[in-house]
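Following: one structure in structure tokens, then a few remarks.
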Amino acid sequence: MRFAFGLSVTLLSLVVSLAAAHAEDKKPGVEKLYILNCGEGVAGDISRWSPGVDEGKSKDFVDNCYLIKHTLGWFLWDTGVADSIAAMPDGLAPPDPKATHWRRPKTLAGELDKLGLKPSDIKAMAISHTHADHVGNVEMFPAAMLYVQKAEYEWPGTNNAPRFKAEHPVTKLEGDHDVFRDGSVTILSTPGHTPGHQSLLVKLPKTGALVLSGDAVHFTSNWEIRAVPSMNTSKEQTQASMQKIADTLTREKAQLWINHDKAQRDSLKMSPEYYE
Ligand SMILES: [Zn+2]
């Protein structure tokens, strides 16, 4: 009897501790999202992004990277302008004075370090597109799986140069992609700014759904008038992608976070604060 009683107590305590452990189990999905400062700049003439509107007006731009903690690992969206710009006292002036003059007040490596992370902790990443203010630090993560549209990967660069190192692990996409197979992080194909431009739908447990714009749109005022920047590779694709984003915002009750919009970023929490 004593033995049986002892056994049942042991069993009971095991059941109780298992139940407690189960209650503590993290729900699979996205846990946190950090906005990292990946650059600050001044655009020389914003009519470049809204042809015919605000000609000759300059505008402060920001450049963000977004770091997502999923229960399965860290995922980085965009890599900003190159960290090497941080060492340039006057920043990097663009060849076209109407474009953006970038500075790097903080490095991406430093932003990760502040969170106790090394680049090798980032197992997967995606870039919205291959302009220099988004792919400046891709090779800081040489072993991270890179998710990119096939159309962007194969888009010839200057002098036909490839856009990525051939040895960088890559998953070439043809359309939308559910990164963790649970609907929490979905790459949306939104071509037009470039041939394989993509945006990101993220579902956070408390904040709710967000669409990270990439450069499908550059600032709130040009989103409102659906302006198509002069440098975009396809006006038709750009307009269709903007409509796709608008439909996604409605369907998912999502917020639109515009990467280069300084006024919007100034209203959001920056790393090391985060969104849950
Ligand atoms: Zn950009």
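Given the structure is predicted, the values throughout are model-derived calculations rather than measurements. When a ligand or atom number is given, it counts from 1 through the structure's own listing order.
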*Answer yes or no for His129: is there an N/O/S atom below the 2.8 Å cut-off from the Zn ion (ligand 1)?*
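Coordinating: no.
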Legend entry - Under 2.8 Å: N/O/S of His218 next to the Zn ion (ligand 1): no
### Message
What is the name of the N/O/S atom of Asp133 that is nearest to the Zn ion (ligand 1)?
### Response
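So the atom name we want here is OD2.
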Looking at Asp215, the N, O or S atom sitting nearest the Zn ion (ligand 1) is OD2
Do [X] and [Y] have a side chain donor and acceptor closer than 3.5 Å?
| X | Y | result |
| --- | --- | --- |
| Ser128 | Gln198 | no |
| Asp215 | His260 | yes |
| Ser47 | Asp54 | no |

Reference residue Leu67; test side-chain contact (heavy atoms from CB on, under 4.5 Å); the match among Trp77, Tyr274, Trp74:
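The single option meeting the side-chain contact (heavy atoms from CB on, under 4.5 Å) with Leu67 is Trp74.
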